[in-house]
Amino acid sequence: MGGGDIGEILPKHYVGVENLSGSIIAVDAYNMLYQFLSTIRQPDGTPLMDSNGRITSHLSGIIYRVTNLMACGILFIFVFDGSPPELKMKTLKRRKESREYARMQWEYLREISPELALKYAKASAYVDEEIVESAKKLLSYLGVPIVQSPSEGEAQAAFIAARGDAHHVASQDYDSLLFGAPSLIRNMSISHRHYTIISLHETLKTHNITRENLIDVAILIGTDYNDGIRGIGPKKALKLIKKYGCIEKIIAAKKIDTEGIEDYQIIREMFLHPDVYENYEIKWNPPDESKVLSFLCDEHEFSEARVRRALSRIVRERDDDDRSSRDSEKRRKKSSEQARISDWL
DNA sequence: CGGCGTCA
DNA sequence: TGACGCCGG
């Protein structure tokens with residue numbers, strides 16, 4: 001909602017996928033699905049679809065990305081949104097309106113200028129119930145655990161990581177850090193050579209602030225739940241919080257008005273104590289090859305050769321000597337790399 | 001986005 | 001082998 005990008009004040013590390021081998025990553029599912037739907041398109045902006053007109057861009061994204069990264073030794077937990085907090089409604093309404101505007105522009109432009117149309121097509125992407133259900137189906141056939149959040153997926157993912165059931169949260173957004181995720185991974189695609197990792201602990205240490213301070217900084221800039229203060233970006237917000245300690249004291253010192261941060265106490269409380277399920281089950285299953293094949297190839301007309309190849313990356317081979325020696329080699333590599341990452345966590 | 005064929 | 005560009009559904 002706000003104008004600034006809190007990412008500007010977060011210390012970042014860039015790591016290759018090898019460094020993530022052996023780690024458990026809680027994925028902000030909505031965020032990843034949105035990325036797939038927005039980017040996996042034809043040059044004129046049309047998403048991938050089966051012959052019944054059902055969108056399949058996200059299924060393509062999942063089958064290739066998840067199998068690739070699993071083959072690199074990563075374990076996934078996909079965390080899905082529940083119902084959004086009341087304070088987010090304004091943002092959601094605004095997003096819906098700009099999506100509908102983009103859809104009109106796309107439909108108008110697709111015959112005139114495909115490459116201009118593409119931009120609007122991407123902006124018109126949305127995650128509906130059918131997208132969510134088909135994604136859950138494919139993930140469950142792949143044996144990937146799914147966790148439902150009562151409210152924000154990022155909050156649930158952060159809770160899972162903070163509790164120690166995952167090492168990182170994967171999302172393009174920064175909110176999971178505010179929700180207490182110890183580590184955030186961005187740009188987690190196969191084509192990105194290096195992923196961005198942000199450690200909450202390192203962030204707080206770098207600026208000598210608390211998580212509550214960081215949340216106040218985010219509220220001043222603007223979040224999904226408030227507009228933020230006009231003219232205040234991440235640098236100014238951080239400076240103010242470091243000088244005065246909290247939003248209450250900045251207001252008391254008459255440095256800012258409350259316009260754009262009216263609900264700051266409620267929002268701060270939401271980030272500190274979000275609505276999450278404390279009981280959830282995380283269980284990795286072996287992929288059900290035949291269910292994946294019938295779902296993707298029979299129902300959605302994927303190429304069987306391609307899907308088989310993707311699956312071959314993650315299905316257990318016969319347990320011969322070759323295999324077990326490679327496995328133990330991987331395990332040795334994994335523990336030394338895990339130690340390297342934990343240096344700055 | 002990721003797969004896959006092409007070409008140097 | 002790696003950069004490039006079209007195709008997938």
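To find a chain, count down the sequence lines: A is the first, B the second, and so on, and within it residues start at 1.
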Hydrogens and angles aside, do A:T196 and A:N187 bring a side-chain donor and acceptor to less than 3.5 Å of each other? yes
At less than 4.0 Å, is any side-chain N or O atom of A:S57 found next to OP1 or OP2 of B:dC1? Yes or no. no
Check the distance between B:dC4's C1' and A:I190's CD1 and give it to me in whole angstrom. 15 Å
Roughly how many Å is it from CD1 in A:I63 to C1' in C:dG9, rounded to a whole number? 14 Å
Round to a whole Å and report the spacing from CD1 of A:I131 to C1' of C:dG9. 13 Å
A:L138 CG to C:dG9 C1': how many Å, rounded? 14 Å
Flag the pair A:R230 and A:E259 as a salt bridge only when some basic side-chain nitrogen lies within less than 4.0 angstrom of an acidic carboxylate oxygen. no
Establish, with yes or no, whether the OP1 or OP2 oxygen of B:dC1 is under 4.0 angstrom from a side-chain nitrogen or oxygen of A:R65. no
Quickly work out the A:L311 CG to B:dG2 C1' distance and round it to whole Å. 15 Å
Lys/Arg N to Asp/Glu carboxylate O, A:D227 vs A:K90, below 4.0 Å: yes
Mind checking A:R308 for me? I need base, sugar-phosphate or nothing, with any heavy atom below 4.0 Å counting as a touch. nothing
Measure from CZ on A:R193 to C1' on C:dA3 and round the result to the nearest Å. 12 Å
In whole angstroms, how far is the C1' atom of B:dG3 from the CG atom of A:L59? 16 Å
Which of the following nucleotides, B:dG3, B:dG2, C:dG9, is nearest to the side chain of A:T56? C:dG9
Listed pairs under 3.5 Å, donor-acceptor, residues 281-293 of chain A side chains, sequence neighbours left out:
residue : atom : partner : partner atom : Å
A:K283  : NZ   : A:N285  : OD1          : 2.8
A:W284  : NE1  : A:F76   : O            : 2.8
A:D288  : OD1  : A:S290  : N            : 3.4
A:D288  : OD1  : A:S290  : OG           : 3.2
A:D288  : OD1  : A:K291  : N            : 3.2

Is the gap between the ring centers of A:F159 and A:Y277 under 6.0 Å? no
Any A:N68 side-chain N or O less than 4.0 Å from OP1/OP2 of B:dC1: no
Could A:R99 and A:W106 be counted as a cation-pi pair, given that NZ or CZ must be under 6.0 Å from the ring centre and within 45° of the axis? no
Walk me through it: do A:S23 and A:H168 pass the test side-chain contact (heavy atoms from CB on, under 4.5 Å)? CA-CA 8 Å; A:S23 51; A:H168 313 277; 4.0 Å; yes
From B:dG2, B:dG3, B:dC4, nucleotide with atom closest to A:R309 side chain: B:dC4
Expressed in angstrom and rounded to an integer, what is the separation of A:N52 atom CG from C:dG9 atom C1'? 11 Å
Can you pull every protein N or O that's under 3.5 Å from an N or O on nucleotides 6-8 of chain C?
none

